[in-house]
Every structure is written in structure tokens, then in C-alpha cells.
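We name chains A, B, ... by the order of the sequence lines, and we start the count at 1 in each one.
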Amino acid sequence: MKDRLRQQIGDALQACFNNSTLHSGVVPDVQIEIPGNPDHGDFASNLAMTMARAEKKSPRQIAEALVEALDDCDFLSKVEIAGPGFINFTLAPGCWYGVLDEITVKGKDYGLSQVGKGQKIQVEFVSANPTGPLHIGHGRGAATGDAVASVLQAAGYEVQREYYINDAGNQMRTLGLSLLLRYRQVCGEQVEFPDDCYQGDYILDFAKEIQKAEGLRYLELDESEAIELLGRFGGERILAGIREDLEAFGITFDNWYSEQGLFDRDEVSAGLKVLKEKGLSYEKDGAVWFRTTDFGDDKDRVLVRSNGETTYFASDVAYHLEKFSRGFDTVIDVWGADHHGYVQRMKAVVNGLGRNPDDLQVILVQLVSLLREGEPVAMSTRSGEFVTLREVVEEVGKDACRFIFLLRRADSQLDFDLELAKRQSTDNPVYYVQYAHARVCSICRNAEEQGVQILEREALDLSSLALAEELTLAKHLARYPETVINAAQNREPHRVVYFLQELAAQFHSYYNRQRVLVDDPATTQARLYLVKGVRTVLANALNLLGVDAPERM
RNA sequence: GCGCGAUUAGCUCAGCUGGAUAGAGCGCUGCCCUCCGGAGGCAGAGGUCGCAGGUUCGAAUCCUGCAUCGCGCGCCA
């Protein structure tokens, strides 16, 4: 619709140049926006104002010339010049109801587009270390990454979802040590459990299981061997749990990528070699450094420590090098906001490797504060008693959990009230939206029970959709595709959430004032057609967020 | 100290990348049940968009400075 209008304006502009009403010949980017105030029509263009300087005429004069040159066309019902020089366009109601046909025809595909042109994008998210269960913060990262990926897919990008497993390095050793110490305790030894070991109860539980299954075997092993074995065992075990938790959360990855694999295939050392050959690294104080300062970082970063061990950063360099070699146009990393200091250096790496730093985009996900009836839920990381994602999903359900995680922009800190999430009332945004969907379904069931025959499109008379609220609903439905595109291009799935809340509000309001199933058959048919469009769009949008659209609740 | 991010209604937050009278939810006040699910709806009050400058036809939005808050600044991961 917008494009058609843009075309019309472009033609009018050309006509003005041709008949010399306007002189500059400069064709600016025609901006069309949707005014906040409905009195200003359905669309508005600021074209006349932006041209004022080049034309050396007042915006209103330009606007008049443009409006004069505008072809008569059936889809515009009113064109006005207003304010300092806005041109406001009001569309004929009929063309808004055309969107209902589009929705009906496209069904689940309504809202999909090809603006991504098949560009390859990888979204890497969660990527929690396999040293403990996922907690609530990981959950938000999971919901965000998955929704970003979905929204990108809907916009025509080719998307891969990847989980990077940090299964190498110190943390696995620490995990092995933690398990070994707990195991010794379980076996009756008096050993101290240091602060820098993993404190959570799950470690102790595993240790008990191991003792039960394998007896005292690990006591007899060489300590370093025991640590390695237990670290590997524990890591695999925890990772399996993470997969289960994510599955229960409705998230599946296309690829699980192991850091250890990078070492096994010598890709870390290969990556280091690439850097050296490009002159991007140097030795100092017995360590190897990356010249990230050449690309905007604060200081250079260590790749290989003086003791010969590579850093996590070295793995990440190799990992991102490898990612881009897989042919992605853009790589998106979803990180906890506490890692924001890391962004600059990774972009420096990408830059140093000869790519546009914007090819790596980082979405930072802020903390989640867990509340219960407004009171903070204690989350002591010291004792390891954090709230796990699993617990929260079990308590409030997948849908509420995912929806609430996406309620705010990712970089905005989020309050998550467990009681609110469970409440079945208007305070709870997820129920509010799902309920709208269930209500439409309910209406459709009633229609069926009453024996309402659904007519073919040709037999429908949409002119009975004459109410302002009906037009408003149709207009909102028409905005869904661009909402998805905006969400994709800005990597901001919360825009879909806001869209949904508004659509649900409009629907509830309409429902409350008007009956769909009325005595007049033509009106009933037309309203059912409208309301089914609402249902489809609600379902499509919820689906993008990984939230179910229930038929009854 | 340096860097990053924030600052919008009593509270939690949007604000479509520079547009016209700044929006929503919660909370508050007052209404609406012979009605397809009241698990709802309607209305009202509530703002010098942190402060001060600048850019221009036009600024919550862009630039500069300041203030306050949060986070990050290991040869950890």
C-alpha cells in the first residue's frame, strides 16, 4: 500500500518537473510515515518540506503543486495539505479491507517477506558454559536469540541457530576438580571445598550418582586423570541437561559447536598463524598479543599466555574466523550485558581479519530480576542457589516465560514477577494476548454451532464493516508485515510483542462493544471475516515469538 | 581514572531512526454485567522527555558539555 502511494507521489513529482512547476530536478527519497494522529490521515509525507530548500519555495507551495499533479486514483479518498507542509493521504476504506483477503489467502505466510534476499545470517545464542544448569538469565538470552532468528527468517534471511559450547580450558578443569572433591566427600574423606569451585548442589548430586554407580574407582586414579575424566563426564552430563531445558523451552539449534573441536582440528593454532602472518600479533613479555588497538580497542589483548596456554580470546578469534569462512554475511552474537566490554575487541578482531566490523553484531541482553508479588526472589550466586530456567518454566509455563522475556528491549533490564506471570487476568500481558486468540476461536465455534454457513469470498459484502473500530483493526492488521521487517532489521523482537498487545487491545475493545454473530447475515459474515483475520495475525505473531496460540484456555 | 549503556507519567517501560497535541501497562478515581467467555470494557487525573547549550522549517530522537545511576576495564572464562 505504501509502495503504491510512493509510486503515485513519484509520478506526481516527475510531472511537476516535466511541466516546470518545480525546477530543482532533484528527486529526494520519498518518506512516507504513518501519522500518530488519525486526523492526519493514514499516511503523510514530508516531501514538500524537505524539498523547500532546493526549490527555494515555501513547503506549502510545493505541496500544492504536488497535490495538483497527483493522478486521480481509486484508492485515495482524501488528500490534504496540513501544518507546515505535510501532505496527508486518506485511503478509501475498501483498500484497507483488501488486507483481509491477503491474510485469508496467505494464512500462515501472511507477514513473511523477502527483504533479507536470502542473505545468510547466523545467530549464536545461549552458549552457556556446560558447568551448571541454565539460569533465568540464559533463558532471556534464549528467548531473544530464538525470536531474533525467527523474525529474520520471516523477513527472508537464511538463518542458522548455533550454540557455542565452551568445553575447553580452565572451567572444565574446575568442573572436574569440583566433582572430584565432592566425590571424595561422598566417599567419606574430609576435604575442603574451595570457593572457586562450583558451589551448586547439582555437583554434589552428580558426585553421589558417580559414587553409587562406580564405587571408589576415581580415588584410585591419578588425580589429574580423575579430574579430566570427571570434567568430561560432568560436562557431557550438564550439556545434556541444558539441551533438555532448551527443548522444554521450545528451542532447537541447527548446530552445536564445540570449542574443544577447534583445538582438536588445530584451528586455534591455525588462527594464530593467520594473525601472525598478517602482522596482527606480536610477542611481548613471553606472551602473544593481538593488536586490537589498531582497530579501535583500548588495549592489545593476550592470545597466548607466557605459560603457553591459549586464552579464551584466542578460541574466540578462531571461532569467529571459522564462522565467517562458513559463508555468513552477518554473524549475530547474543551475550549477557556483563560482557559488553568484549564487544569492541571482537569487532576489532573482525575488522583485523579484513571484514566490515558491522558484519559482527552483538545483542546484549540485560539482567532479569526475579520477583514474587513484587518482592525480589533471592538469587545467591555465592551458594550456587540461583533460580534455574527449568524451575521457572515449570512454574509459570513456557509461553508466559518466553513472552515476558521479550516484553522489553533486550538491553533494558527486566523485572519478571512469577506470580504475575501465572495470573490469568489483564495484568498478565501474555494471557491478555492469548485470550484474544482464544476468544476469536470461541466465536468461530459458536458460529459453527449456530449453523452459520461460511460464504465464499465473492459472496461477502465487506461494506457492512462500516464502523471506525473495524477500520482501525484492519489497518493494524495491515501493519503486521512491516512490523516484522522492522523487528528483523533492528534485531528487536519486542516490537512484535508491542504489536500484539495493541492488536489484542483493539480486538478486546471491539468484542466488548460489538457482537460478531448478529441477526443480519451479511454483517455476521463480514465480521467473521475480519475477526478471522485477527486470529491469523495473532497466531502468526505469537508463533514468531515461540508462544502458542491456544484455541481455548 | 578510562570505556560502554542508561535517564520519558507515582511505578515498569514503548516511542516506527528528525515531524504535527509525547504513548501503553500497572497503580489511583469513577463508571458498564438480561452481552459470541466480566479471565473483559469505557472514561478521568497524572509530563518543563535528567540539566544547559548547539545543529534546522521542526529535536524525546542528532552534536557538545555537565549531573546522577548501572556495568565493564586479568597473561580468567
Side-chain angles (χ1 to χ4, degrees), chain A residues 31 33-37 39-40 44-46 48-50 52-53 58-59 82-86 88 129 131 166 168-172 174 196 259 284-289 297-299 301-313 315-316 336-344 364 366-367 374 407-409 411-415 417 420 423-429 431-432 434-436 438-447 449-450 479 482-483 485-487 489-490 492 494-495 497-499 501-502 505 508-518 524 527-528 531 552-553:
Chain A
Q31 291 176 37
E33 62 194 23
I34 298 170
N37 185 340
D39 293 343
H40 298 146
S45 178
N46 61 358
M49 271 125 70
T50 58
R53 182 176 293 232
S58 81
F86 288 103
N88 294 337
N129 297 344
T131 55
N166 293 123
N170 278 339
Q171 59 211 343
M172 298 317 289
T174 306
D196 57 357
E259 180 187 4
K284 193 182 89 180
D285 303 334
V288 180
W289 301 69
D297 199 6
D298 294 341
K299 47 182 149 184
R301 308 291 172 175
V302 171
L303 293 160
V304 184
R305 289 183 266 165
S306 50
N307 67 4
E309 286 181 37
T310 58
T311 59
Y312 176 84
F313 179 56
S315 295
D316 249 3
D338 52 339
H339 289 74
H340 77 252
Y342 210 74
V343 175
Q344 205 177 16
L364 296 173
Q366 269 291 356
L367 291 175
L407 211 48
R408 312 251 175 269
R409 334 169 23 122
D411 59 9
S412 161
Q413 198 249 351
L414 174 72
D415 287 338
D417 194 308
L420 177 61
R423 206 171 298 155
Q424 307 200 344
S425 71
T426 173
D427 325 352
N428 182 350
Y431 276 92
Y432 186 72
Q434 286 184 318
Y435 182 47
R439 265 188 159 168
V440 181
C441 293
S442 170
I443 294 169
C444 292
R445 284 194 296 271
N446 285 330
E449 278 169 26
Q450 291 172 21
R479 294 199 63 177
E482 68 181 79
T483 301
I485 291 168
N486 283 334
Q489 289 179 336
N490 294 289
E492 290 182 345
H494 77 276
R495 294 183 189 221
V497 176
Y498 276 85
F499 173 89
Q501 289 182 289
E502 197 176 332
H508 284 308
S509 170
Y510 176 62
Y511 175 93
N512 198 252
R513 287 178 185 229
Q514 308 295 339
R515 289 182 61 92
V516 172
L517 307 177
V518 291
T524 297
R527 288 185 177 174
L528 268 175
V531 152
R552 7 177 139 240
M553 297 172 69

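A distance of 7.0 Å separates CG in Asp196(A) from OG1 in Thr174(A), rounded to the nearest 0.5 Å. Here Thr131(A) contributes atom OG1 and Met172(A) contributes atom CE; the two are 7.5 Å apart, rounded to the nearest 0.5 Å. Taken to the nearest 0.5 Å, the NE2 atom of His40(A) stands 11.0 Å off from the CD atom of Glu33(A). The line from OH of Tyr342(A) to CG of Asp316(A) is 4.0 Å long, rounded to the nearest 0.5 Å.
Using modelled atom types, one side-chain atom of Thr311(A) and one backbone atom of Val302(A) make a donor-acceptor pair closer than 3.5 Å.
Nucleotides U8(B) and A14(B) have their P atoms positioned 11 Å apart, rounded to a whole Å. Only the C1' atoms considered, A22(B) is 25 Å distant from G41(B), to the nearest whole Å. As rounded to the nearest Å, U56(B) and G50(B) have P atoms that lie 23 Å from one another. Taking atom P in both A60(B) and A52(B), one finds a spacing of 13 Å when rounded to whole Å. Nucleotides U7(B) and C51(B) have their C1' atoms positioned 11 Å apart, rounded to a whole Å. C11(B) and A67(B) have their P atoms separated by 24 Å, with the value rounded to a whole Å. Rounded to the nearest Å, the gap between the C1' atom of C16(B) and that of U61(B) is 12 Å.
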Tell me, for nucleotides 12-21 of chain B in 5' to 3' order, what letter each nucleotide earns: B for a base near a protein heavy atom under 4.0 Å, S for only sugar-phosphate near one, - for neither?
BSSSBB-BBB
Using a cut-off of 4.0 Å between protein heavy atoms and nucleotide atoms, how would you tag nucleotides 71-77 of chain B 5' to 3' with B, S and -?
BSSSBSB
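A pairwise comparison of heavy atoms in Tyr431(A) and Arg423(A) identifies CD1-O, 3.3 Å as the closest pair. Looking at every heavy atom in both residues, Arg527(A) comes nearest to Val518(A) through NH1-CG1, 4.0 Å.
Stretches of at least 3 consecutive Watson-Crick or G-U wobble pairs, with each checked distance under 3.5 Å, appear in RNA chain B as B:1-7 with B:67-73, B:10-13 with B:23-26, B:28-32 with B:40-44, B:50-54 with B:62-66.
For Ser58(A), no side-chain nitrogen or oxygen approaches OP1 or OP2 of C57(B) to under 4.0 Å. Within the structure, a side-chain polar atom (N or O) of Tyr432(A) is placed less than 4.0 Å from OP1 or OP2 of G41(B).
Judged purely by distance below 3.5 Å, without hydrogens or angles, the side chains of Ser412(A) and Gln366(A) never pair a donor atom with an acceptor atom.
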